[in-house]
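For reference, the structure is listed below as structure tokens.
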Amino acid sequence: MNHFSEKLLTWYDIHQRQLPWRADPHPYYILVSEFMLQQTRMETVLPYYHRFIEALPTIEQLASASEEQLLKLWEGLGYYRRVKNLHQTAQLIVAEHGGIVPSDPEVLKRFPGIGDYVAGAIASTAYQVKVSAIDGNVLRILSRLYCNEDDLSRAGPKRDLQSKLLALLPTERVGDFNQALMELGALVCLPNARPLCETCPVSADCCAYQTADPLDFPRKKDRRKVPVHLKTVLVVRSEEAVLVEPFGPGLLEGLASFPMKEGHLSPADIKALYPEAIISSLGPARHVFSHLKWDMIGYQVLLAEPEADWTPLSRLDRLSFPTALAVYRSSLEGSVSP
DNA sequence: ATCCGGTCTA
DNA sequence: TAGACCGGAT
Ligand code: SF4
């Protein structure tokens, strides 16, 4: 074991958070947790993980689960493509690998939703294969350890840092080493605040701490400002039921939605669409995605009689709505708005 | 209001 | 390789 990994693992043994997939690192648990942890914080993932594993304790049960159940288990977690990919990956593993999660990173990367990072994380954490697992935390630490000023969204600089990391990998406890690096990024080498270098186990090896300012690393890329889309959300309902339609291809694909019109429509516009209805405002709401914003207003459109294809309010909780529509979804809790 | 983050697609 | 994809923390 080299000096760097020795210090890191000693720190990890003391400071690691107790996590369900660490207590029992069964490959299926690692698979599920790594899909959830893509783009998503640990604290957010935990309750979802518990519910998911309780509902689907084995990869065979996941493989044969319904789309509706899976979407419900993922509701609010975001990046809903992940759960479709996880489902397909589980089905492929059951059909082609006897339900055993493969240990070869190159094999893992052929499954949908598994890229460089997740392949490395599963192989090293579940099987101790000696590969790196570079997520955003690790990339940030590496940029600081080596005072790397390159644009890390590009492949070349990323490869440079990966090769430096490979030289640090221990021959034993590779999975713990990768987990320890990510844990250090989450608990000490912080992304949005000054890192806690005084308590960092590898500060003696850190270029940024010893010779520069850690806050200057990694280099930030200037964020493109995102376009704003005006939307009007129509909660078309009776006392007993509501009109629900799924999002089409692309953003929030497959999740439940209400009819949405481009632009901000006036009550008179709504009245023209639904002459028989009682129109009332549900107020404004905004939602920010990475690449666009929705600036929404909502109306309740109350009709005396529901159409046959509307969803009874009693069955609404089976559907999965995105967080973007939380305000309008919650208007259906309790009684009809005034 | 701004920052953060893996994979896939074009 | 830039842009699409989501929600939460600060
Ligand atoms: S010394 Fe500071 S900047 Fe360097 S790795 Fe540790 S926490 Fe990060």
Side-chain angles (χ1 to χ4, degrees), chain A residues 30-48 71 74-89 105 108-123 125 131-144 150-159 161-162 178 181-182 185-187 189-195 215-229 247-257 285-296 320-327 329:
Chain A
I30 302 295
L31 177 76
V32 171
S33 68
E34 289 300 342
F35 266 79
M36 289 184 169
L37 286 166
Q38 291 173 49
Q39 311 296 81
T40 310
R41 314 173 58 78
M42 181 82 66
E43 306 79 60
T44 306
V45 161
L46 275 173
Y48 284 88
L71 221 39
W74 214 267
E75 183 181 18
L77 199 50
Y79 291 96
Y80 299 94
R81 177 69 57 183
R82 289 182 295 172
V83 73
K84 291 186 180 67
N85 287 336
L86 176 59
H87 195 201
Q88 286 178 38
T89 290
L108 287 164
K109 278 169 64 172
R110 290 192 215 119
F111 296 116
I114 299 185
D116 278 327
Y117 161 70
V118 171
I122 294 174
T125 308
V131 289
S132 58
I134 303 181
D135 72 347
N137 285 316
V138 175
L139 206 56
R140 179 175 61 258
I141 295 170
L142 290 172
S143 76
R144 289 171 176 170
D150 299 330
D151 176 1
L152 297 182
S153 69
R154 289 186 300 166
K158 224 179 288 188
R159 268 199 309 277
L161 287 177
Q162 182 179 25
N178 285 333
L181 224 36
M182 292 187 270
L187 300 180
C189 199
L190 307 171
N192 285 323
R194 181 161 288 280
L215 289 183
D216 292 336
F217 306 92
R219 198 178 101 181
K220 315 262 185 203
K221 57 170 183 250
D222 34 345
R223 284 194 183 251
R224 214 172 50 85
K225 64 172 178 221
V226 299
V228 178
H229 293 206
F247 284 93
L251 186 65
L252 302 173
E253 179 173 349
L255 272 75
S257 180
R286 295 172 61 80
H287 192 80
V288 185
F289 299 91
S290 55
H291 55 305
L292 59 89
K293 297 178 189 179
W294 283 354
D295 184 345
M296 298 173 280
S320 303
F321 286 84
T323 301
L325 294 178
V327 167
R329 166 69 182 82

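Just so it is clear, the structure is predicted and the values come from calculations on it, not from any experiment. Protein chains get the first letters and strands the later ones, always in sequence-line order, with residue 1 at the start of each.
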Who are the salt bridge (Lys or Arg N to Asp or Glu O under 4.0 Å) partners of [X], not counting sequence neighbours?
{"X": "Arg286(A)", "result": "Asp295(A)"}
{"X": "Arg194(A)", "result": "Asp213(A)"}
{"X": "Arg154(A)", "result": "none"}
{"X": "Arg81(A)", "result": "Glu253(A)"}

### Query
With sequence neighbours excluded, what pairs up with His287(A) under the ring-ring contact (aromatic ring centres under 6.0 Å, His included) test?
Phe289(A)
### Query
In chain order, what residues pass the ring-ring contact (aromatic ring centres under 6.0 Å, His included) check against Phe111(A), with sequence neighbours excluded?
His97(A)
### Message
Holding to side chain to side chain contact (heavy atoms under 4.5 Å, CB included), I want the full list of residues that pass it with Val327(A), two or more places apart in sequence or in another chain.
### Response
Ala285(A)
### Those residues that, when tested against Tyr80(A), pass side chain to side chain contact (heavy atoms under 4.5 Å, CB included) (two or more places apart)
Leu71(A), Trp74(A), Leu252(A), Leu255(A)
Distance-only donor-acceptor hits, side chain of residues 131-138 of chain A, under 3.5 Å, sequence neighbours excluded:
residue	atom	partner	partner atom	Å
Ser132(A)	OG	Gln162(A)	NE2	3.0
Asp135(A)	OD1	Asn137(A)	N	3.1
Asp135(A)	OD1	Val138(A)	N	2.9
Asn137(A)	OD1	Arg140(A)	NH2	2.7

### Query
Just by distance, do the side chain of Arg329(A) and the backbone of Phe321(A) share a donor-acceptor pair under 3.5 Å?
no
### Task
Could you list where the contact with chain A starts and ends along DNA chain B, reading 5' to 3', using a 4.0 Å heavy-atom cut-off?
dC3(B) to dC8(B)
### Message
For a quick check of understanding: with a heavy-atom distance under 4.0 Å over all strands, which category does Ile114(A) fall into, base, sugar-phosphate or nothing?
### Response
sugar-phosphate
### Task
Kindly state which residues belonging to residues 115-123 of chain A come within less than 4.0 angstrom of DNA chain C, counting heavy atoms of the residue only, listed by number.
none
### Query
Base, backbone or nothing for each nucleotide of nucleotides 3-10 of chain C, written B, S, -, heavy atoms under 4.0 angstrom, 5' to 3'?
-SBBBSS-
